[in-house]
Each structure stands twice: as C-alpha cells, then as structure tokens.
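A short write-up of the structure that comes next.
Order of the sequence lines fixes the chain letters, A, B, ..., with proteins taken first and strands second; residue numbering starts at 1 for each chain.
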Amino acid sequence: MHIQTILEAKVKEAVLSIFNKNLPVVEFQPTRKDFEGDITIVVFPMLRTLKGNPAQIGAQIGAFLEEQVDEVRSFNVVKGFLNLVLKDAFYVDFFNAIKNTSNFGFVSTVASDAIMVEYSSPNTNKPLHLGHIRNNLLGYSVAEILKASGKKVYKTQIINDRGIHICKSMLAWQKMGNGETPESTGLKGDKLVGNYYVAFDKAYKAEVAEMVANGIDEKTAAKEASLLLAAQEMLLKWEAGDEEVVSLWKKMNGWVYNGFEITYQNLGVNFDKLYYESDTYLLGKDVVADGLEKGVFFKKEDGSVWIDLTEEGLDEKIVLRSDGTSVYMTQDIGTAIQRVKDYADINGMVYTVGNEQDYHFKVLFLILKKLGFSWAEHLHHLSYGMVDLPSGKMKSREGTVVDADDLMIEMTNTAAKISEELGKLEAYSAEDKKELYQMVGLGALKYYILKVDPKKRILFDPEESVDFQGNTGPFIQYTHARIQSILRKVKDTDVELNTTIKTLEVLHPKEKELIKQLQLFPDIIQLAAKNYSPAVIANYVYDLVKEFNSFYQQVSILGENNLDKKTFRVQLSQKVGEVVASGFKLLGIEVPDRM
RNA sequence: GGUGGCAUAGCUCAGCUGGAUAGAGCACCUGCCUUCUAAGCAGGCGGUCCUAGGUUCGAAUCCUAGUGCCAUCACCA
C-alpha cells in the first residue's frame, strides 16, 4: 500500500485518540531538502478542526506515528510542519518490489476505454515544417503517455488532400512541370509538389500585378486572374470525377505521401489509421439534417443552417451554407461520428491542433454534446502554442519556414560534430555512428520542444543552435549510456543483477534520494496523461537523471568493496536506466548504450 | 470592442491539490579527469514571480481590476 495512505489513516487515528476530533483531510508534501525528513505533514490546515499550537499538535501526532507506524523512524517539527523520517528498510523493500517489474509505472491497457488521438493532419501541397514537428511530437507523445496510463489508443491523422489549394499545385505542374517527377529531379515528392505550389502563387501574383498595371482594380484582378479561374475549374472537374484530373491528383498526392512517409519515419512517429478529407468532406450533412429535426440547429430564411450558442457565451455558428454545401464544421462533425462507427470502443478523442483553433473546437465539442453523443463528454483539444521565429510567424508562401527535413539533418550534423570533437567512438563503425548521431540530434530537438508546456509558444532561433548540455536530450541520453557502460562491466564481476537486496544498515543519502525519485514515476505518468503534457515526463526524467549523476559522482559503484552494497548500487543504476529509457520512450526519444 | 491563452533570474524554462529561505539549464566566474564515459560533478553570481487590490494563519499559485504580447470572433480551410 502507498505509504501516504497508511499515514493518512494513522494521522486521523492519532487526532481521534489525542484530541477526540475527526480530521477530514491530511495534507502531505515531500520534505524540502533543507530539512531532515522524507515526508511532511502540514499541521496548519488541522487548526480548522483542532485548537492549539501547531508545533505542539505536530509533536503529539509525530510521537503517535513514531510509535505506531512501522515505517517511521523519527520525526521533527518545524513551525507547523511535521517532518517524518522513514526507515531505510522501507526504501529497500520498495526497491525490491519494483526492480524486476518490467514497464514499472505503466498501467496495463483497459480495452474498453479506448481513445483516438489525432495529430499531424497536414495539407498535401507543402512540405512539413517546424510547426508540424511540434504537432507530431506532441500528438505522438501524448498517445504514448495515454497508453502507458492504461488507455487503449488509436493514432490517426486526417490528410487534407482536396480543395482549391491542391489544384493550384496541380495546375502549376501541368503548365510548367515538363513532366518532372521525384525520380527525375531527385527531390522528395512533397518538396517537388511544394515547389509548384509556390510557383503557382508567384505566377498568379505576377498576373494580378499585370492586370492592375492595365488599369483593372486590385480586387477584381485577384478574383478574375485566369490562373485562379483555371484552378477553380479544375476543382469542379475533380468534384465531377473527371478522369484526367483525378489521375493527376492521385499521382501528385502519391508523391507527397511518399515524401511525408520519409519525414514521419525520421521523426519516429506513426499512425494506426489514416483518414482522407477527399473521403470525409461530404460527411456530416445527414447529421445536420437530423439535428435540424431535433431542434439542435435552426434554419435561416436563406436556407443556411445555424446553431445558437449564445447561451454558452459564444455566437451563432453556421453549419451548412445556404446553397446546401458543407463548411469545415460540418465535415468535422461527420468525421468524428464516422470514427466512432469505425471503432466502436472509442470513448473519447484528442485533437492535436494549434491554439489558433481554440474557438473552432470549443464549438465543435459543444455541438457534438448537444447532439447527444455520450463520447462527446470526453473530447479534448490538445491545443499548443505556435513555434515562432525571431522574424515572426512562419509563412510557407514567403519562404520563412524552418523545413522539417532540413532541421533534422542539421541537428544530426551538429550531434556528429560534437561527438567527433569528443572522440569517444573510435571503435564504432561508420553505420553505427550515423545511427547514433541521428539518435542524439533528434533527441536534442525532441526534448527541446517537448520539455516546454504545450500551451506556451516557442520562439525558435535557427541561429542559436539547440543545446546539447544541461537540461537537454543528449544530457539524459548520456546518463543512460553511462549506466549501460557500468552494466557491461558488471558482467565480469560477481555482482548478480537479480538477487533480492538485503536491508542495508545505512542507506547513502544519494541512494535514498534515487529511490524516492523512482517512487514518483507511476504518479508522474498519470499526471502527464491527465494534463496531456509530455513536459511533465520530460521534467521528471531530467530530475531523475540529475539525481543519478550526483550519486554517480559521489558514490563509487563498481569500486565498492562490500558486495551487498555494490550489488545494490548496480541494480539501482540499472533500474534508473530502465526508467530513463521508458520515460524517453513516452517522448518518442531513443536512448543509446554508448555515446 | 467581445472571448481565450500567456507574463517567474540577462536568455530558455520548472514550480502538483495555496505552505517552510521561489528552483533548474544556458551565459559569466571558481574548483574537480593516474578510480565506474568531464555531453559530467561541486560551488559562486543573478529575482519588484507584469501592476494594484482582495480572500487566507499563509499567495508565484485562488478572486477582481488593469497593463503588455499572441490568437480568435468569415456562407475560408
């Protein structure tokens, strides 16, 4: 049983027996480092129930606990804080209990409680950039964290593969492409298509400028430029199923998917199910018709359909245009329902989308609730802040983006450079080195992004490279490599990795701190899941590693003469290594055995 | 203008349900590699927790008002 649960019951018992009062709650906190003790009971809140001097009350309860609770060795009272010192045996017992459980801290999946996590969901006309990286890392990591917390998870994305913007790149390729392909140019498919999207925009702007020069006013020119009209015509053909257009669309989208797939692979993310907007964009209309009957929606004179959310403090929101065509909201309603049809065990969804769409999702969730779906109670918008550059917002059309592929290559190169300078890997093959550099470079990038609270915006300065020292991914990976190095050496010694640890006379303070830190991991996973926050995991792993390095420095592990102590330290190190690895796995970051 | 988010050290960030002297990293300054990987460890420097009120035994944390930055409020996606 959790020590806190035991103590809570005992404190209540103490209060009842000493003061003859019933205490509603007991407040705990970890003892601050500057005081002696492991766990602290705050006496102040008890003053609502009890009358008297907090220090005195604390002392009386402390004496009771010391007497009655086996795990408590001693206590001290500072002002209204009752600090309890726990016996070393308590920590050793805990360690023995967890050291051989694989996946310590993870809760096994409850199959009935499935959740779908959507992330990435890019347009198919431009390559992925730094903003997508944040989205992907967050979505993937939150999915992993939810799994670890006991949920069944489906990872998904909806690919925005239709619409006027797609036609623009298609048109540009048709007109200026000369039959170029990814193969013929050596370009990644998404990059090639992205280039044509930019080319369209350039040609279109030139055309508009020329029309304006010829005396046409700007608004009219923007609407009537022949390129735009041609793109619109192409969209109509696509919708009508025109063979030529559809086959071009398939071809170019195929290029993009191949390109994206490479980026996803390098980024280390994946999906269980893909949705395509071309399949889903007509969904939702029937639901709107239903909702209209039920009175959830209402129709205006012009035939457009709305929902009134003024009672919820929002506006009226359109769900169907007067010509009967869908808006984005219609589609999202339909898609959500479709997902539950596809996976009957879904009881909630997470949408990983930037915070600029906070309003949209607020409305979407409200509508789904009003339509009466039970799963609508468990919808969450994983909203995150933008990644901005010192020059401001990233804009694809203006070329002010940090390309995802380029950035990953750059990070890998930096890792290679630092590693070469340190020169520890002479024995490695070129291939192993390459793999390691990628692991470290990406580790730096991923950690850099995930350690920040999702809600906050990130300012990314490409000039100032991401750090590899201090509170960084490589620092944590390095600690893991150190631990593995010890474990490799252990093989030639008489240390057993699986024996039960005997209760030692005195635990080193650093050993105790490490076990305390390990104890937190299960709660940390739950907290991270509850808050949808990989940052919680990142910060925890950092604290653990920090603690380990301090231990490593102060205490000799393999140099210890006493075999029991040596064994304990090796096993403790091993467990820390495991937790670092599984924590990082939740962030989608790999850890090396050497670096 | 309405709504939502954010504001903590020079910079990047932690700070759980209110609790003890507000913590890390980077940068800057000191030490520590003949002993387990120095991408490390130990120490120093550095704070009106945006401002003003309020609630409380106690506020960076909760409430109110204000300031600044960002987003959003389309028959666009």
Side-chain angles (χ1 to χ4, degrees), chain A residues 25 27-35 40 42-45 47-48 54 78-81 83 123 160 162-165 277 281 300 302-306 313-315 317-323 325-329 331 354-360 362 383 385-386 388 393 415 418-419 421-422 424 440 444 448 451-453 455-459 461 464 466-479 481-490 520 523-524 527 530-531 535-536 538-539 542-543 545-546 549-560 569-570 573 594-595:
Chain A
V25 281
E27 201 173 307
F28 293 97
Q29 58 185 267
T31 305
R32 285 181 67 108
K33 289 244 164 91
D34 344 302
F35 298 92
T40 294
V42 191
V43 182
F44 295 111
L47 298 178
R48 295 197 185 102
V78 181
K79 293 188 262 180
F81 299 94
N83 302 320
N123 288 340
N160 190 349
R162 65 163 288 279
I164 187 76
H165 51 289
E277 205 188 302
Y281 78 107
K300 289 197 176 174
D302 63 1
S304 57
V305 181
W306 298 70
L314 305 173
D315 291 330
K317 190 85 188 169
I318 189 160
V319 292
L320 210 57
R321 291 194 191 103
S322 50
D323 62 4
T325 55
S326 296
V327 291
Y328 193 56
M329 189 64 75
Q331 234 186 90
N355 62 9
E356 56 203 353
Q357 299 207 31
D358 284 357
Y359 184 73
H360 173 79
K362 209 180 267 181
S383 160
M386 295 290 107
D388 290 330
K393 234 183 155 170
I418 292 172
S419 185
E421 280 168 12
L422 292 170
K424 292 183 192 175
V440 174
Y448 175 82
K451 76 170 177 183
V452 182
D453 185 297
K455 274 185 305 207
K456 292 193 172 163
R457 74 187 260 269
I458 292 181
L459 191 69
D461 190 345
E464 283 179 40
V466 174
D467 272 322
F468 283 68
Q469 280 170 3
N471 187 357
T472 67
F475 165 66
I476 291 164
Q477 290 172 319
Y478 173 72
T479 306
R482 259 184 165 176
I483 292 170
Q484 299 317 307
S485 170
I486 290 174
L487 296 177
R488 279 192 296 275
K489 293 197 166 132
V490 161
L520 298 175
D523 289 344
I524 289 290
L527 184 67
K530 196 183 118 210
N531 294 343
V536 170
N539 288 311
Y542 175 67
D543 288 340
V545 158
K546 196 93 183 102
N549 278 323
S550 178
F551 160 78
Y552 179 90
Q553 193 72 24
Q554 274 194 37
V555 179
S556 185
I557 299 168
L558 296 175
E560 171 59 45
R569 288 176 187 168
V570 169
S573 303
R594 286 193 175 85
M595 71 185 271

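- Proximity of A:Arg32 to the phosphate of B:G23: a side-chain N or O atom is located under 4.0 Å from OP1 or OP2.
- As judged by a 4.0 angstrom heavy-atom cut-off over every strand, A:Lys455 is placed among residues touching the sugar-phosphate backbone only.
- Look at B:C33: its glycosidic torsion is within 90° of 0, and that puts it in the syn range.
- Nucleic acid contact for A:Thr40: base, since at least one base atom lies under 4.0 Å from a heavy atom of the residue.
- Nucleic acid contact class of A:Ser550 (heavy atoms, under 4.0 Å, all strands): sugar-phosphate only.
- Within the 4.0 angstrom heavy-atom criterion, no nucleotide atom of any strand lies near A:Arg569.
- Note: NE2 (A:His360) to C1' (B:A74) measures 14 Å, nearest angstrom.
- Minimum heavy-atom separation, A:Lys451 to A:Ala538: CA-CB, 3.9 Å.
- Between B:A7 and A:Lys456, a contact under 4.0 Å exists linking OP1 or OP2 to a side-chain N or O.
- Straight-line distance between the P atoms of B:U8 and B:C70: roughly 15 Å, to the nearest whole Å.
- With rounding to whole Å, A:Gln357 atom CD is found 11 Å from B:A71 atom C1'.
- In this model, the phosphate group of B:C41 is approached by a side-chain N or O of A:Lys546 to a distance below 4.0 Å at OP1 or OP2.
- The residue A:Ile486 sits close only to the backbone: its heavy atoms come under 4.0 Å of sugar-phosphate atoms, none of a base.
- When the side-chain nitrogen and oxygen atoms of A:Arg457 are compared with OP1 and OP2 of B:U12, none of them lie within a distance under 4.0 Å.
- Residue A:Asp453 is in sugar-phosphate contact alone, with no base atom involved, counting any heavy-atom pair closer than 4.0 Å across all strands shown.
- Base contact: A:Phe81 has a heavy atom under 4.0 Å from a base atom.
- Regarding contacts with the backbone of B:U37, every side-chain N or O of A:Arg488 stays at 4.0 angstrom or more from both OP1 and OP2.
- Checking the phosphate oxygens (OP1, OP2) of B:U72, no side-chain nitrogen or oxygen of A:Tyr359 falls inside 4.0 Å.
- Distances shown here put a side-chain N or O of A:Arg482 below 4.0 Å from the OP1 or OP2 atom of B:A38.
- Residue contacts for A:Met595: at a heavy-atom cut-off of 4.0 Å it reaches a base atom on one of the strands shown.
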